[in-house]
Amino acid sequence: MKREPNTQRIAPDHISDLRENEVFVFGSNLAGMHAGGAAHLAFRKFGAVWGQGVGLQGRSYAIPTMQEGVETIRPHVEAFIGFAREHPQLKFLVTQIGCGIAGFSPRQIAPLFEPARRVENIFLPACFWDILGE
């Protein structure tokens, strides 16, 4: 049975500013060296902390993606989803984590976000919704 993606919760492809209560969710490395990609944007604009590779920091949330494989990312995505559930007043805009410098494809990463389908304040990239809708 094909499931329809939730088109009302699509994160923008390019995020340059945040509205009140919005949080920029980006892929990081465990060491918190936010030198490139979305991590660098989070560091420059949204309060990511150099040396902090996991969790809420300023108006951003780091999910480590630079470990050995997709399965090492899963516990961090699960922790993020739990955090989002506990903070319904915030709107979490998830970037294509792991699909840039980390070298994974959306097809590898999107399934990790399956439980986010039921969390109203998590907004995923359109390509993740496309994959989750299959």
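More than 12 heavy atoms of other residues, nucleotides or ligands sit less than 6.0 Å from atom CZ of R118.
At least one donor-acceptor pair under 3.5 Å links the side chain of Q57 to the backbone N or O of Q52. Side chain of S60 to backbone of V25: no donor-acceptor contact under 3.5 angstrom is found. Distance alone, capped at 3.5 Å, places no donor-acceptor pair between the S28 side chain and the A39 backbone.
Atom NE2 of H34 sits about 7.5 Å away from atom CG of N29, to the nearest 0.5 Å. Taking CZ of F113 as the start and CZ of R74 as the end, the distance is 10.5 Å to the nearest 0.5 Å. Separation of atoms CD (E114) and CD1 (I131) is listed at 12.0 Å; rounding is to 0.5 Å. A distance of 12.0 Å separates CD of E78 from CD1 of I73, quoted to the nearest 0.5 Å. One distance of note links CD1 of I63 with CD1 of I81; it measures 8.0 Å at 0.5 Å rounding.
Under the 4.5 Å side-chain criterion, counting only non-hydrogen atoms from C-beta, I109 is not in contact with T65. Looking only at side-chain heavy atoms (C-beta outward), F26 and F43 stay at 4.5 Å or farther from each other. Between Q96 and P106, some side-chain heavy-atom pair lies under the 4.5 Å cut-off.
L41 and V94 fall into different hydrophobic clusters, defined by Ile, Leu, Val, Met, Phe, Trp and Tyr side-chain heavy atoms under 4.5 Å apart, directly or through other members. Residues L30 and M66 are members of separate hydrophobic clusters, defined by side-chain heavy-atom contacts under 4.5 angstrom among Ile, Leu, Val, Met, Phe, Trp and Tyr. If you chain together hydrophobic residues whose side chains sit under 4.5 Å apart, M33 and Y61 never meet in one group. Under the 4.5 Å side-chain contact rule for hydrophobic residues, V54 and F80 do not share a cluster. The cluster map of Ile, Leu, Val, Met, Phe, Trp and Tyr, joined by side-chain heavy atoms under 4.5 Å apart, puts L56 and L93 in different clusters.
Considering every non-hydrogen atom in both G53 and P64, the closest pair reads O-CG, 3.4 Å. Across every non-hydrogen atom of A38 and T95, the tightest pair is CB-OG1, 4.3 Å.
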Compile the donor-acceptor pairs under 3.5 Å between side chains in residues 85-92 and protein atoms, sequence neighbours left out, one pair per line.
residue, atom, partner, partner atom, Å
H87, ND1, F83, O, 2.8

Exercise. Tell me, with the steps shown, if V77 and I97 meet side chain to side chain contact (heavy atoms under 4.5 Å, CB included).
Key: CA-CA 10 Å; V77 171; I97 70 152; 4.3 Å; yes

Quiz item: Going through the checks in order, is the side chain to side chain contact (heavy atoms under 4.5 Å, CB included) test met by W129 and R9?
Solution: CA-CA 9 Å; W129 283 118; R9 293 192 292 126; 3.4 Å; yes

Practice problem: Decide yes or no on side chain to side chain contact (heavy atoms under 4.5 Å, CB included) for K45 and D17, but give the supporting numbers first. | Solution: CA-CA 8 Å; K45 291 194 75 171; D17 294 299; 3.5 Å; yes

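With sequence neighbours left out, E20 forms a salt bridge (Lys or Arg N to Asp or Glu O under 4.0 Å) with no residue at all.
Using a 30° and 60° split on the angle between ring planes, F24 and F46 fall in the tilted class, from 30° to 60°.
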